[in-house]
Structures are given as structure tokens and as C-alpha cells.
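Below: one structure, written as C-alpha cells.
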Amino acid sequence: MVVPTLNEADNIDPLLTRLSALDLPVSSFEVIFVDDGSSDGTPDRVRAWEKRVDAPLHVRLLERREKPDLTRSILAGVALARGDVIVVMDADLSHPPERLPALIAPVVNGSHDVAVGSRYVPGGSTVGWPLHRQWLSRLGGWLARPLCDVYDATSGFFAFRRELAAAVAERARGYKILLELLMAGQGKLRVIEVPICFHDRTRGTSKLSFLHQWTYLQRLMTLAGGTVSVGTASRFAAVGLFGVVVDALLFQWLMSSGAGLAMAHIMSFFAAAALNYSLNSKWSFRRHHEGYLRWDQFGRFLTVGVFALLMRGGVLALLVYGWHVPSFLAIFPAIAATAAINYFGSAFYVFPVRLNPPSLDVRWRVASFGIVLFAVLLRLVYLGVAQLIPDEAYYWNYAQHMDLSFFDHPPMVAWLIWLGTSIFGDNEFGVRIGAFVCGLVTMGYTYALTRNLYDKSTGIRAVLLLAVLPFGFVTATLMTADAPLMAAWAATLYYMERALLEGDSRSAWLGMGIAFGLGLLSKYTLGLLGLAALLFVILDPIARRWLQRPHPYLAAVLALLLFSPVIIWNIQHDWASILFQSERATGIGNKFSLQWLFLHMLLVLTPAGLMAAALALLPERDHDSSQFANRRRLFVRVFTGVPLAVFFGLSLFGAPKFHWTGPVWLALLPTMAWMMGQTSDMRSIAIRLRAAWKPTIAVCLFFYAFAMHYVVLGIPGIPYAGFTEHYFWREATHEVEQIAAKVQHETGQKPIVVGMSKWSVAGALSFYNDKEQPMDIRSRNMFSQNAAMYNFWYPAEPPTSRPIILVGMRPWQIERDIEGNDNITPVLIQPGAVQEVAIERDGKPLRRVYYRVAQGYLGSRAQQN
Ligand code: GDD
Ligand code: MN
């Protein structure tokens with residue numbers, strides 16, 4: 001046992017007395033005190049025990065003469081020790097000596113390499129520590145946990161096999177020798193945490209200082225692969241400050257000369273970045289920088305910079321458009337956000353540590369953490385400033401007509417929007433926050449499922465894939481039924497695994513019932529997982545026993561109960577919704593469309609993702625034929641294969657929708673993520689795939705960031721085109737409001753505004769309509785064309801002499817229906833010609849809108865007949 005001491009005189013006797021009481025064999029146990037020049041007589045107290053002939057313990061003293069340091073002291077003690085197993089313990093009796101046998105047992109018997117006396121596992125606790133110390137300790141633990149998977153990585157009471165100490169870095173200093181030891185093991189150590197009850201010292205004072213905590217943070221970053229030191233950080237800050245001045249001044253000047261937000265911040269950014277790079281590489285990170293300009297490094301710097309730039313556009317937009325902060329102030333928080341991204345990007349990616357780099361596994365974890373954080377923040381920043389797409393606006397209309405269910409979807413999307421807008425108001429953020437939260441829930445369950453199927457590292461990579469692949473990113477950004485569907489799908493898979501593979505967890509059935517029910521309330525497709533579960537229990541003999549137990553049936557009843565609102569609504573509405581969905585899925589003729597399904601899979605997965613998915617479904621190379629591996633394979637294949645097969649089947653006869661397969665990949669993500677880390681798989685396809693991930697991740701993220709910047713602020717030099725006839729409804733609605741006001745002024749009557757698409761136009765006009773002066777908005781069912789929920793909300797419009805304004809995204813929409821029949825003109829009174837309006841923002845064209853004005857309406861065809 002090695003006990004470091006610094007002024008612990010009053011603790012020596014009590015400590016050794018309590019240790020003696022354990023009756024440890026004198027021949028194989030020794031206590032080595034390592035003192036760092038205590039001035040209170042600690043060495044004398046130890047020496048008294050050292051000299052005692054009748055001593056029940058073998059005590060030795062090492063007096064160091066170097067600069068006091070806890071880590072160095074412990075290593076010096078280890079060097080002196082004669083045993084094979086070392087225990088480190090504080091002298092202040094904070095750690096109960098009585099736990100010693102329990103702590104060393106796993107190391108002595110060889111089942112583990114390191115045993116940690118842990119406060120943060122069940123059975124462990126902390127007594128008598130002031131709140132701030134507890135939080136500090138917790139925080140320290142949380143920061144270290146992703147790196148070493150130990151709950152109490154800052155514990156001062158631990159046991160290990162002696163030779164491990166040799167691997168501790170030469171430069172290691174400070175309080176956290178345990179963390180150094182764990183990290184030096186490169187993730188290969190078998191570590192166990194033994195619960196202990198930590199008591200604050202009763203004698204003497206703590207030597208932990210602010211400097212120790214600062215050193216700890218620095219060491220953590222270095223162990224994670226980042227280049228940090230007070231030196232680099234302060235030099236980086238100095239350079240950055242200079243950059244801020246250039247950036248802000250140039251931005252101000254460009255704004256005042258009318259450049260517009262996007263142009264101004266992009267130009268000033270590049271000017272400041274060019275300056276910063278040359279100064280940083282020559283000065284801040286100079287030790288890590290050989291020679292002159294290195295192109296690969298410059299490329300990395302640019303990559304980080306572009307991401308920072310696209311994020312900063314969002315911050316600017318949020319502040320200027322969202323919160324109405326004047327732009328000359330808003331630029332400063334925007335610059336701060338950029339600086340943070342640039343700093344961590346530089347430390348971990350542009351100029352990473354070269355000496356003792358962390359293991360591949362740790363590098364993956366750190367990279368995943370950074371990338372996922374970026375993706376989530378990107379969403380959060382742009383969530384409220386990017387205008388709604390028509391689908392989201394339509395679902396917002398659902399929430400204005402709250403009901404048990406709806407025609408084209410079950411109610412979850414409406415309920416979430418209702419909740420979000422009740423809290424945050426009728427704005428984009430309120431509508432989308434539900435999708436954002438669903439995205440986080442999906443991530444959580446995906447991580448947990450993957451950890452259970454494989455391990456934590458794989459779990460982190462699965463979350464990375466979910467965060468960057470289109471099916472994960474898009475569904476967590478846009479508030480459609482797919483957002484809650486994904487969350488419920490991930491949750492259902494998680495509980496399915498617990499119940500069917502793990503088997504002994506009964507509460508999993510409860511979770512599954514809830515997840516399944518909520519999932520059905522989101523989108524009927526979730527039912528396919530029930531089919532998959534059925535197939536799994538048929539194929540898997542171990543899971544089959546559940547068929548004879550009540551749990552699965554109770555879970556099904558629970559799910560059905562949760563789903564009952566949809567059933568009640570359908571009973572009230574002649575099964576309209578269920579018929580519509582089954583028709584849509586199966587009935588679109590017999591047009592072979594499998595090629596479309598493949599194209600859509602390519603879009604939602606990217607080429608690398610599709611390749612990985614294919615590989616993950618194929619038989620594994622080096623066959624792990626343990627029972628668990630076999631059942632895991634079956635689980636993944638059944639839960640991916642069943643829904644996929646259904647979509648394949650449907651696509652043989654009709655066109656698939658492009659987001660159909662989205663949730664299907666959730667069951668395959670664990671295996672895909674696992675394959676990413678299999679560096680031993682030397683098949684050329686596997687090697688190529690591993691090489692493809694990095695560019696795939698970068699391109700995907702770039703695409704999202706670019707797209708959001710583009711739709712919110714624009715990108716100088718790239719005009720809006722193509723898709724925009726479905727977008728920019730804020731500006732388009734404003735224009736329609738003005739037309740309506742003009743018509744009202746001319747006729748003296750309030751017009752009826754009719755959106756001439758199924759629901760896009762009416763839905764978007766309603767959302768962006770000025771809530772103080774609402775227009776009367778209807779949809780095209782006034783002209784005997786299907787308009788989804790509008791059929792229910794406005795079933796029959798009476799004839800009227802009020803003016804009618806027809807609004808369409810394309811001219812044909814206000815003249816005829818999809819088949820080319822004109823059901824419109826005959827029921828209008830004095831219909832006018834089609835007019836085109838160009839919608840602009842800051843003088844730049846956004847899109848067009850088409851309208852026609854009539855002087856009245858004769859009622860629908862049906863009414864006339
Ligand atoms: N040789 C030597 N040199 N010993 C030292 C030094 C030093 O520079 N600094 C502290 N010690 C000894 C103390 O005498 C004590 O025996 C032990 O190391 C722990 O020091 P404390 O001052 O009691 O630390 P603490 O109670 O604040 O922190 C404890 O709990 C933390 C939990 O978060 C320690 O166990 C930490 O290692 C632990 O992280
Ligand atoms: Mn202490």
C-alpha cells in the first residue's frame with residue numbers, strides 16, 4: 001500500500017491502527033508512506049511505527065526531496081514496493097481501510113487489472129463533503145467518463161497490478177494518477193469499481209487547490225488528443241482578439257455599405273481567418289508546426305473554418321432576425337461562437353497531439369462527441385429561424401384543430417406541435433422543438449441499444465452515424481410524423497432487445513408497450529416492428545418461451561390502449577384514415593417502382609451508408625459463433641429485414657415515398673457502427689468503406705450547414721431556384737395579404753383566400769398569416785378536389801358573393817385539376833385572369849406566386865346538382 005502524505009501528522013496513528021485491525025499477513029503486506037517534506041512532523045510519526053518491533057504491520061517511509069507532487073510521490077512509492085499488487089490510499093482516512101480486502105481481491109485473484117474504490121456506483125457514497133466539492137468531483141468524473149468508462153475516475157483509493165505503473169506518462173503530474181493509469185492502458189484494461197463510502201477528513205486540511213483542478217482539465221484535453229496548454233490557449237486568444245477587431249470592423253463597414261448580412265459576415269470572416277491562420281501557425285501552435293505552410297493542415301484549418309462560418313450565420317440570424325438584436329452587437333456573440341469552434345477544431349483536428357496520441361478508440365469517441373455536438377447545436381440554432389416547409393405548416397393547422405386523430409396521420413405530430421407552440425408561441429421554434437427533442441430521444445435509445453448489443457464505443461459511433469446520416473439529421477430537424485416515429489422506433493427496438501435477447505428484464509415489456517403505443521400514435525408503419533417481433537420469436541427458441549407468458553400480451557393491450565384515440569376517431573369518421581393509408585400504401589396501381597426505392601435508400605443513407613448497410617446484412621467475415629452473437633445477428637436481420645421486405649414488396653406495385661425506409665436503418669445502425677471500428681477486417685471493400693466514412697461525414701454535415709445558411713441568410717452568388725416554389729411562405733403570405741387587402745378595399749367585402757393545392761398553400765398561408773388580421777383561408781375542396789383535412793374542417797362552402805382569391809404555386813393549379821379538368825371556372829362568378837407575383841427579399845428574387853380573383857362562388861358542384 002502506498003500512502004502519499006503532506007502534513008498529515010494527526011492521521012498517521014489512527015490510520016495505522018485501523019489497518020492493523022484488519023489482521024493482514026505481515027509477510028505479504030507493507031505500507032509505504034511517501035512524504036513530500038511535511039513540516040508538521042509526519043515523518044516522525046511514521047518512523048515511530050517503522051521502528052516498533054512488535055508492529056502488526058510492515059511500515060516504511062520514503063522522504064522525497066524534489067518538488068512536491070502527488071503523482072510523482074505515488075510512482076516513487078510504487079518503485080520501492082516489493083509486492084505485485086499496489087493499493088493507493090489517502091492518509092486522511094477519507095477512504096475506509098476496512099474496504100481494503102474487497103478492493104484488492106479482484107486484482108489479487110487476477111480477474112481484473114485495476115480496482116477502483118468508487119463513490120459513484122450503487123452502494124458508494126460521499127459523506128460530509130460541502131456541496132461545491134461534491135459537484136466539482138462529479139463534474140471531474142463526468143468529463144473523464146467518456147474517455148475511460150469509469151464512474152469515479154478521480155478516486156484516490158484504487159488497486160492495480162504493479163507493472164501497469166510503468167506505462168504512466170513521464171510527464172504526468174498532479175492529482176489524477178488513476179486517470180493516467182486508466183488511459184495508459186489504452187482501453188484494454190479490465191477495470192472494476194468497488195463501492196466505497198467516502199468520508200471527509202476530520203483532521204488536517206485538504207491540499208487540493210485550484211491549480212490542481214486546472215491541471216486536471218488540461219490533462220484531460222491532452223489525454224483526449226487535444227493540444228492544450230495555458231500557452232497555446234492564451235496565444236490563441238491574443239491572435240483571436242486581433243481577429244475579432246478586424247472581423248467586427250470589416251463587418252460593420254460592409255453592413256453600412258449595404259452588403260447584407262450574409263455577404264458582410266462571410267467576407268469579414270474570411271479576412272479575419274486568413275490573418276488568424278498565419279499568426280496561429282507561426283506562433284500559437286508553433287511547436288506543433290514544422291516548416292512553412294502545410295497544405296493538408298491548411299485544408300483542415302479551412303474545413304473547421306467553413307463549419308464555424310456556417311454556424312455563425314445561424315447565430316447571427318437568430319440574434320438579428322429572431323431576437324431583433326442590432327447587427328453591430330450581434331456580431332460579437334457570433335464571433336465568440338466561431339472562436340469556440342475554431343479553438344477546439346484547431347486543438348483536436350488541425351494541430352492535434354503528436355506525442356503519445358490517444359488510442360484509436362478514444363480518438364473516435366472524441367471526434368464523435370465533437371461532431372454530434374456540432375450537429376445538435378446547428379439544429380438548435382437554425383431551428384427557429386428557418387421557415388417552415390409546407391408539411392410542417394399543415395401539421396401546425398392540425399394543432400389548431402386538436403382532435404383524437406387526423407385523416408392523413410395519427411395525432412402525435414399535432415400533439416407535439418400543440419405542446420411546443422403552447423410553450424414557445426406560434427413560431428417556427430415552437431413548431432419544431434418537438435422534432436428536436438424526438439431527435440435527442442432517438443439518440444439516447446440508439447446509444448443504449450447499441451451498447452447492449454456491442455459496447456460503449458460502438459454505441460457512441462452509432463449516435464455519430466445517426467447525427468450525420470440524412471435519415472437521422474432530417475427527421476430530427478423537421479416536425480413531421482417521422483420525428484416521433486423515429487424516437488418511438490428506437491425506443492421499441494431498445495425494449496425489444498431487452499425483452500427478447502436479454503430476456504430476464506420484465507419491465508422491458510412495460511417500456512415496449514408504451515413505446516409501441518406512442519409509435520403507432522405517430523405513424524402506422526411502426527406496426528411493422530410487431531410483425532418483426534413475431535417472426536423473431538418464431539425463429540428464436542429462447543425468446544419463444546415468452547409466448548407462454550402474459551407479458552407480451554399485456555404489452556400489446558397497453559399499446560392498443562394508447563392507440564385507442566386513433567380507433568375512436570376512425571369509428572367516428574367511417575375508417576377514413578385507415579382506409580386512406582392502406583390505399584396509399586398498396587393501391588397506387590401496379591407500376592413497378594423498385595428502382596425508386598433504391599434511389600431513396602441511397603438518398604437517406606448516402607452511398608457509404610448504403611454500402612455499410614449491405615455489408616452489415618451479409619454474413620460476417622470472421623464468424624463469432626457464440627450464442628449471443630448468433631442471436632444478435634438474427635435480431636438485427638429480422639428487425640431490419642421485415643420492414644424492408646414490406647417496403648420492397650410495396651414498391652413492386654407502386655411508387656414508394658422517399659422517407660419510408662428512414663427508421664428501418666435504426667436496427668442496423670449498431671452493426672454498421674461496429675464495423676466502422678473493425679480495423680482488422682482486411683477485405684478491400686471493408687477498407688474502402690472505412691476510408692469513405694470521413695469524407696461522408698464531412699460532406700453530410702457541410703451540406704446541412706450550407707443548406708440552412710442558404711435558406712435562412714442566402715449564400716452570396718447563389719440565387720434561389722427550383723425548390724423555392726414550395727418555400728419562403730413568410731414573404732409569399734405577406735404578398736397575398738396585401739392582395740387580399742387591396743381586393744377588400746376595392747369591393748368593400750372581405751375576400752375568401754383559397755389555397756389551390758391539397759394542403760400546402762392553405763396550410764402555409766394560415767401559419768404565416770398575420771394573427772392580428774387573419775384572412776379567411778380555405779383549400780381546394782371548394783372545387784371538388786381532395787384537400788385532406790380541409791375536407792373535414794370546411795366540408796361544404798356555401799355560395800357567396802364575397803370575392804374569391806385563388807392562390808397557387810404554379811399557374812395550372814388555379815385553372816384545372818391534376819387530370820386537366822376545369823372544375824373551377826364554372827363555379828366562380830366573373831373569374832379574372834391568372835396573375836403572377838414575383839416575391840423578393842432585399843431586392844433579390846425568392847420565388848413566384850400565382851393568383852386569380854373572382855367576384856363570388858356558386859357553391860360546390862355537388863351542391864349545385
Ligand atoms: N506526497 C504528497 N505530495 N502527498 C500529497 C500531496 C503532495 O504534493 N498533496 C496531497 N497529498 C496527500 C495528502 O496528504 C493526502 O494523504 C492525500 O494526498 C490526498 O490529499 P487531500 O488533500 O486529502 O485531497 P482531497 O481529500 O482534497 O482529495 C481526495 O479526494 C479526491 C476525490 O475527488 C484525494 O483522494 C484525491 O486524489 C481525490 O481525487
Ligand atoms: Mn482528503
Side-chain angles (χ1 to χ4, degrees), residues 1-16 19 31-43 45-46 60-80 87-97 99 103 116-120 124-145 148 150-159 172-182 193 196-217 219-220:
M1 171 180 279
V2 175
V3 182
T5 55
L6 188 59
N7 298 330
E8 301 286 358
D10 295 336
N11 284 317
I12 303 298
D13 291 342
L15 171 68
L16 288 174
L19 273 176
V31 186
I32 301 177
F33 285 89
V34 187
D35 192 76
D36 255 341
S38 296
S39 50
D40 67 344
T42 306
R45 304 282 183 100
V46 177
R60 295 206 282 160
L61 172 67
L62 171 64
E63 289 185 88
R64 284 180 83 237
R65 294 278 167 254
E66 293 99 285
K67 192 172 164 226
D69 181 81
L70 188 54
T71 291
R72 295 331 299 177
S73 298
I74 292 172
L75 290 176
V78 173
L80 208 66
V87 187
V88 174
M89 190 162 107
D90 293 353
D92 60 359
L93 285 165
S94 287
H95 309 122
R99 293 294 285 159
L103 186 74
V116 180
S118 176
R119 295 161 285 183
Y120 306 131
S125 61
T126 307
V127 177
W129 247 11
L131 220 52
H132 77 275
R133 273 295 315 244
Q134 293 207 31
W135 282 356
L136 223 56
S137 167
R138 284 266 178 189
L139 185 70
W142 275 329
L143 289 173
R145 201 146 115 211
C148 63
V150 164
Y151 287 90
D152 198 351
T154 63
S155 172
F157 186 35
F158 51 96
R173 295 283 182 287
Y175 258 50
K176 300 308 159 202
I177 184 171
L178 172 60
L179 183 69
E180 300 284 346
L181 201 73
L182 294 172
E193 290 185 74
I196 61 155
C197 175
F198 181 99
H199 283 270
D200 194 20
R201 57 163 76 233
T202 46
R203 286 169 285 260
T205 52
S206 166
K207 283 91 197 167
L208 185 83
S209 66
F210 178 73
L211 189 65
H212 288 126
Q213 291 160 29
W214 178 244
T215 329
Y216 173 65
L217 277 188
R219 267 317 276 171
L220 263 185

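Whatever order the structure lists ligands and atoms in, that order sets their numbers, starting from 1. Note: hydrogens, waters and symmetry copies are ignored here, and every other heavy atom, side chains too, is used.
Heavy-atom proximity to Asp92, at under 4.0 Å, picks out these atoms of ligand 1: 23 (O), 26 (O). Atoms of ligand 1 found under 4.0 Å from any heavy atom of Arg119, numbered from 1 in the order shown, are 32 (C), 33 (O). If you number the atoms of ligand 1 from 1 as listed, the ones under 4.0 Å from a heavy atom of Arg201 come out as 21 (P), 22 (O), 23 (O). In the vicinity of His95, heavy-atom distances shorter than 4.0 Å reach the ligand 1 atoms 35 (O). Listed by number with element, the atoms of ligand 1 under 4.0 Å from a non-hydrogen atom of Leu208 are 22 (O), 27 (O). Proximity to Val34 (heavy-atom distance under 4.0 Å) selects the following atoms of ligand 1: 1 (N). Annotation for ligand 1: atoms under 4.0 Å from non-hydrogen atoms of Gly156 are 35 (O), 37 (O).
Of the charged side-chain nitrogens involved, at least one lies within less than 4.0 Å of a carboxylate oxygen, so that Asp92 and Arg201 count as a salt-bridged pair. Looking at Arg45 and Glu8, no side-chain N of the basic residue comes within less than 4.0 Å of a carboxylate O on the acidic one, giving no salt bridge.
Protein heavy atom closest to atom 14 (O) of ligand 1, with residue, atom name and distance, is Glu8 OE2, 2.4 Å. Annotation: atom 35 (O) of ligand 1 to nearest protein heavy atom, Asp90 OD2, 2.3 Å. Closest to atom 28 (O) of ligand 1, if we only count protein heavy atoms, is Arg133 NH2, 3.7 Å. Among all non-hydrogen protein atoms, the one lying nearest atom 1 (N) of ligand 1 is Ser73 OG, 3.0 Å. The protein atom (non-hydrogen) at minimum distance from atom 10 (C) of ligand 1 is Tyr175 OH, 3.3 Å. Of the protein's heavy atoms, Leu70 CD1, 3.5 Å lies nearest to atom 18 (O) of ligand 1. Distance from atom 38 (C) of ligand 1 to its nearest protein heavy atom, with residue and atom name: Thr154 O, 3.1 Å. Taking atom 27 (O) of ligand 1 as the reference point, the nearest protein heavy-atom neighbour is Ser206 OG, 2.6 Å.
For the pair Val31 and Leu15, the minimum side-chain heavy-atom distance is 4.5 Å or more. Residues Arg219 and Leu179 are not in side-chain contact: their nearest non-hydrogen atoms beyond the backbone lie 4.5 Å or more apart. Counting heavy atoms from C-beta outward, Ser118 and Ser155 have side chains that stay 4.5 Å or more apart. Looking at heavy atoms from C-beta onward, Glu180 lies out of side-chain contact with Thr71 at the 4.5 angstrom threshold. Side-chain contact between Phe157 and Leu178: absent, with no pair of heavy atoms (C-beta onward) separated by less than 4.5 Å. Side-chain contact check for Leu93 versus Arg203: some heavy-atom pair is nearer than 4.5 Å. No side-chain heavy atom of Phe33 sits under 4.5 Å from any side-chain heavy atom of Thr42.
Taking the N/O/S atoms of Asp92 in turn, the shortest distance to the Mn ion (ligand 2) belongs to OD2.
Contact annotation: for Val3 versus ligand 1, there are no heavy atoms closer than 4.0 Å. For Leu6, heavy-atom contacts with ligand 1 shorter than 4.0 Å involve the backbone as well as the side chain.
Judged purely by atom type and a 3.5 angstrom limit, Ser94 uses its side chain to pair as donor or acceptor with the backbone of His199.
Taking CG of Leu182 as the reference point, atom CD1 of Ile177 lies at 10.5 Å (rounded to 0.5 Å).
In this structure, Tyr120 places its OH atom where more than 12 heavy-atom neighbours from other residues, nucleotides or ligands lie under 6.0 Å away.
Smallest separation of non-hydrogen atoms from Met89 and Met1: SD-CE, 3.8 Å.
Using a 4.0 Å heavy-atom cutoff, Arg72 is absent from the residues neighbouring ligand 1. The closest approach between a heavy atom of Trp129 and any atom of ligand 1 is below 4.0 Å.
The aromatic rings of Phe198 and His95 sit perpendicular, their planes meeting at an angle over 60°, well past the 30° parallel limit.
Polar contact with ligand 1: present for Lys176 (N/O pair, distance under 3.5 Å). Residue contacts with ligand 1: Ala91 is placed with a nitrogen or oxygen under 3.5 Å of a nitrogen or oxygen of the ligand (distance criterion only). Polar contact with ligand 1: present for Asp36 (N/O pair, distance under 3.5 Å).
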